[in-house]
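Take this structure, written in structure tokens, and hold onto it; I'll ask about it next.
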Amino acid sequence: MKYRVNLQPSYHTLDVDENESILSAALREGIHLAYGCRSGTCGTCKSVLLEGKVAYPVEQALALTDEERQHGAALLCQAQPRSDLTIAAQVIPHDDVIVVKKLPCRVSQKQLVCHDVLRLLLKLPVMEKFSYRAGQYIDILLPDGRRRSFSLANAPFVNGSLELHVRHVEGGDFTGYVFKELEEKTILRVEGPHGQFFLREDSDRPIIFMAGGTGFAPIKSIIEFCIINDIQRPMYLYWGARAQQDLYMNDLAALWAKDFPHIHYIPVLSAPKPQDDKSIRTGLVHEAITKDFPDLSGYEVYASGPPMMVKAGKEAFARCHLPPEHYYSDAFEFQRPK
Ligand SMILES: Cc1cc2nc3c(=O)[nH]c(=O)nc-3n(C[C@H](O)[C@H](O)[C@H](O)COP(=O)(O)OP(=O)(O)OC[C@H]3O[C@@H](n4cnc5c(N)ncnc54)[C@H](O)[C@@H]3O)c2cc1C
């Protein structure tokens, strides 16, 4: 059964099947709504249900409190219609839209960059044009229909390949396969680009980047994009990791800071090892930022990595007067089991 969904204030309408999420239907129709993880946990697609009823196929761990539900909030990446609907949702203007494609890619390089992170280079088909914004991510489509998300770690057109930084998740199906079995020349199917974690170029605010672990990947892409395009806004990169060995591209980040006076690099270790360099800051990365910037009212913050870090940052930065609309984030949520 299909229901009619009206989006406000854009006046888009679409027909959505009762077994389909509103976000999937919108993307299928070329209507780009704000979204992030597509598993109901990051909350980026949270919108307001003005009229009608929705249902959620999986209720577990949704980024939606009972109070928010009572006030009409809905998570469009999960919500399925149970009546005709009117929804207040942010539609991204057509000019900003990049075509999402499904493509085969050949693994051209597999390189261990630290004890638990691999750098993969994926070669696109020669005749295929694949556009993305620095900071966006792709999904790897697994043969059994599941998908795994990974951020693109290089700026568009940097080396004709897509660069990924893959952290090994203990007991993880896909990352376990990548570490133990995946060989160069393997063909992977990918879909993308996805997500709204990219530089807001119409702003001249100074930028604070907060990366946690492989959350460095999309931020590397954005910083490379800024360097290539001579964007000289002041930038402060805080990279949080457990120990020094986890700062898998520390030399690159230090080189940016050495070569460009507007780029500053502050690594922060949460569980340093006895042998680690004592001059590196220790503690939680979001706390290092609030200590250095007690007033964030004039800044923009881009945060990517573990969901707990992204959430803690959002709350802490709000207390330091960061306007919520200037907090951009990609929480590395994992897929629910199917
Ligand atoms: C938008 C987005 C971008 C991402 N970008 C990157 C990236 O650039 N680099 C990267 O390394 N990861 C990234 N991730 C996270 C990555 O998608 C997951 O770590 C990956 O899907 C794990 O797949 P798996 O099959 O190995 O694990 P699964 O088999 O799916 O999971 C096995 C178990 O491990 C746990 N688990 C899974 N992933 C994580 C995790 N990340 N942290 C803690 N516990 C976990 C869960 O409990 C799960 O039950 C991103 C996620 C999102 C949503």
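All ligand and atom numbering here is 1-based and tracks the order in the structure.
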Aromatic ring centroids of Phe150 and Phe174 under 6.0 Å?
yes
If you measure every N or O of Asp330 against every N or O of ligand 1, does any of those distances drop under 3.5 Å?
no
Give the single entry among Val169, Val117, Ile140, Leu142 that approaches atom 34 (O) of ligand 1 most closely by any heavy atom.
Val169
Is the closest basic N to carboxylate O distance between Lys46 and Glu68 below 4.0 Å?
yes
From Arg147, Arg146, Arg148, His194 - option closest to atom 23 (O) of ligand 1 by heavy atom
Arg148
When only distance counts, is Thr175 in polar contact with ligand 1, meaning an N/O pair under 3.5 Å?
yes
Below a 4.0 angstrom heavy-atom separation, can you tell me which part of Tyr137, side chain or backbone, both or neither, approaches ligand 1?
side chain
Looking at Glu333, which atoms of ligand 1 are within less than 4.0 Å of one of its heavy atoms?
51 (C), 52 (C), 53 (C)
Please determine, by modelled atom types, if His165 and Glu163 share a side-chain donor-acceptor pair under 3.5 angstrom.
yes
Would you please classify the geometry between the Tyr236 ring and the Phe293 ring as parallel, tilted or perpendicular, with 30° and 60° separating the classes?
perpendicular
Plane angle bin for Phe216 and Tyr248 - parallel if under 30°, tilted between 30 and 60°, otherwise perpendicular:
perpendicular
Pairs meeting criterion side chain to side chain donor-acceptor pair (under 3.5 Å) with involvement of residues 305-320, two or more places apart
Lys311-Glu315
Measuring from atom 14 (N) of ligand 1, which candidate in Gly176, Ser149, Pro218, Cys42 has the nearest non-hydrogen atom?
Ser149
Element-labelled atoms of ligand 1 that are located less than 4.0 Å from some non-hydrogen atom of Phe174:
24 (P), 25 (O), 26 (O)
Just by modelled atom types, is the Pro218 backbone N or O under 3.5 Å from a matching donor or acceptor in the Ser151 side chain?
no
Which of the numbered atoms in ligand 1 are under 4.0 angstrom from any heavy atom belonging to Val166?
11 (O)
Nearest heavy atom to atom 31 (O) of ligand 1 wins, so pick from Ala153, Ala331, Gly172.
Gly172
Backbone or side chain, does any N or O of Ser151 fall under 3.5 Å from an N or O of ligand 1?
yes
Same cluster (ILVMFWY, side-chain, under 4.5 Å), Ile208 and Ile263:
no
